[in-house]
Amino acid sequence: MERGLLWLPLLAAFFWLAWQGSKEYQKIEAYRTWAEQFERAKYDIYAVLGQKGNSITWGKPTPQGPIKLETFSLNDVQNIHLMVDGNIIDVENPPQKGKTIELEFDLVEPAQSVRIPFTEIPLAAEWGKYLQGQLKRLKDNL
């Protein structure tokens with residue numbers, strides 16, 4: 001009887017982990033369907049991000065699909081910064097560790113910024129380099 005009671009919390013933990021895994025799988029499948037409309041897209045636990053032409057769309061992943069979606073144009077962006085722990089970092093020389101990782105987009109109109117969270121510094125740096133190149137090319141063509 002005592003052994004059975006000792007196994008009960010382990011069994012509960014197993015079912016909880018299986019349920020969490022199922023939810024994460026549903027998030028990824030919903031993201032996969034959502035991302036088909038974009039030329040380039042990323043998924044992590046903090047945010048989804050998609051680029052199609054000059055439009056950037058981002059939001060929060062859920063098992064039902066991304067929510068709180070926001071879209072802005074690279075035409076409205078003044079600067080793009082990689083932020084690690086609140087500090088602007090060079091995308092060519094990113095640090096190895098950081099707690100808060102974001103790409104910051106400084107918008108011209110309205111004068112505000114959009115911060116998109118990332119879980120990994122190398123992924124954020126790669127996106128930052130790519131989008132800075134896109135922004136530079138866009139401004140050079142004007």
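For clarity, every value in this text was computed on a predicted model and none was experimentally measured.
Taking the centre of each ring, Tyr46 and Phe118 stay at or above the 6.0 Å mark.
The side-chain heavy atoms of Ile101 and Thr119, taken from C-beta on, include no pair separated by under 4.5 Å. With a 4.5 Å cut-off on side-chain heavy atoms, Lys27 and Tyr43 count as touching. Contact of the Val84 side chain with the Ile121 side chain is registered, since non-hydrogen atoms from C-beta on lie closer than 4.5 Å. At least one side-chain heavy atom of Trp127 sits less than 4.5 Å from a side-chain heavy atom of Leu49. Side-chain atoms of Tyr31 and Pro61, non-hydrogen and from C-beta on, never get closer than 4.5 Å to each other. The shortest side-chain heavy-atom distance between Ile56 and Ser73 does not fall under the 4.5 Å cut-off. At least one side-chain heavy atom of Lys129 sits under 4.5 Å from a side-chain heavy atom of Glu92. Side-chain contact between Glu24 and Ile45 is present, with at least one heavy-atom pair separated by less than 4.5 Å.
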Quick one, Gln134 with Tyr130, criterion side chain to side chain donor-acceptor pair (under 3.5 Å). Give me CA distance, side-chain angles, the key distance, then yes/no.
CA-CA 6 Å; Gln134 294 286 321; Tyr130 176 77; 3.2 Å; yes
Start with the C-alpha distance between Val91 and Ile80, add both sets of side-chain angles, then the distance that settles side chain to side chain contact (heavy atoms under 4.5 Å, CB included), and finish with yes or no.
CA-CA 10 Å; Val91 292; Ile80 301 171; over 6 Å; no
Verdict with reasoning, Asn75 to Leu138, per side chain to side chain contact (heavy atoms under 4.5 Å, CB included):
CA-CA 8 Å; Asn75 295 327; Leu138 189 65; 2.9 Å; yes
Passes salt bridge (charged side-chain N to carboxylate O under 4.0 Å, His left out), Arg32 versus Glu29? Steps please.
CA-CA 5 Å; Arg32 189 173 315 200; Glu29 287 302 310; 3.4 Å; yes
I would like to know whether Phe38 and Gln51 meet side chain to side chain contact (heavy atoms under 4.5 Å, CB included); could you show each step before the answer?
CA-CA 6 Å; Phe38 297 102; Gln51 180 203 7; 5.7 Å; no
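With rounding to the nearest 0.5 angstrom, the CG atom of Leu135 is 8.0 Å from the CD atom of Gln132. To the nearest 0.5 Å, the span separating CD on Glu120 from CD on Glu126 amounts to 10.0 Å. Taking OG1 of Thr57 as the start and CZ of Phe72 as the end, the distance is 8.5 Å to the nearest 0.5 Å. To the nearest 0.5 Å, the span separating CG on Asn54 from CZ on Arg137 amounts to 8.5 Å. The line from CD of Gln26 to NZ of Lys23 is 9.0 Å long, rounded to the nearest 0.5 Å. Here Asp90 contributes atom CG and Ile88 contributes atom CD1; the two are 11.0 Å apart, rounded to the nearest 0.5 Å.
Transitive grouping of hydrophobic side chains (ILVMFWY, heavy atoms separated by less than 4.5 Å) brings Leu69 and Ile28 into a common cluster. Ile116 and Trp34 fall into different hydrophobic clusters, where Ile, Leu, Val, Met, Phe, Trp and Tyr are joined by side-chain heavy atoms under 4.5 Å apart, directly or via other members. Residue Ile89 is grouped with residue Leu131 when hydrophobic side chains (ILVMFWY) are merged at heavy-atom distances under 4.5 angstrom, including chains of intermediate members.
Of the residues listed (Leu103, Val114, Thr71), the one engaging Trp58 in a side chain to side chain contact (heavy atoms under 4.5 Å, CB included) is Val114, and it is the only one.
A salt bridge links Arg115 with Glu104; the closest basic N to acidic carboxylate O contact falls under 4.0 Å.
Counting only distance, with no hydrogens or angles, the side chain of Asp85 and the backbone of Gly98 share no donor-acceptor pair below 3.5 Å. The main-chain N or O of Ala47 is found under 3.5 Å from a side-chain atom of Lys42 such that the two form a donor-acceptor pair. Checked by atom type and distance alone, the side chain of Gln112 never pairs as donor or acceptor with a backbone atom of Asp106 at under 3.5 Å. Judged by distance alone, the side chain of Asp76 and the main-chain N or O of Leu107 form no donor-acceptor pair under 3.5 Å.
Counting all heavy atoms, side chain and backbone alike, Leu82 lies closest to Pro94 at CD2-CB, 4.3 Å.
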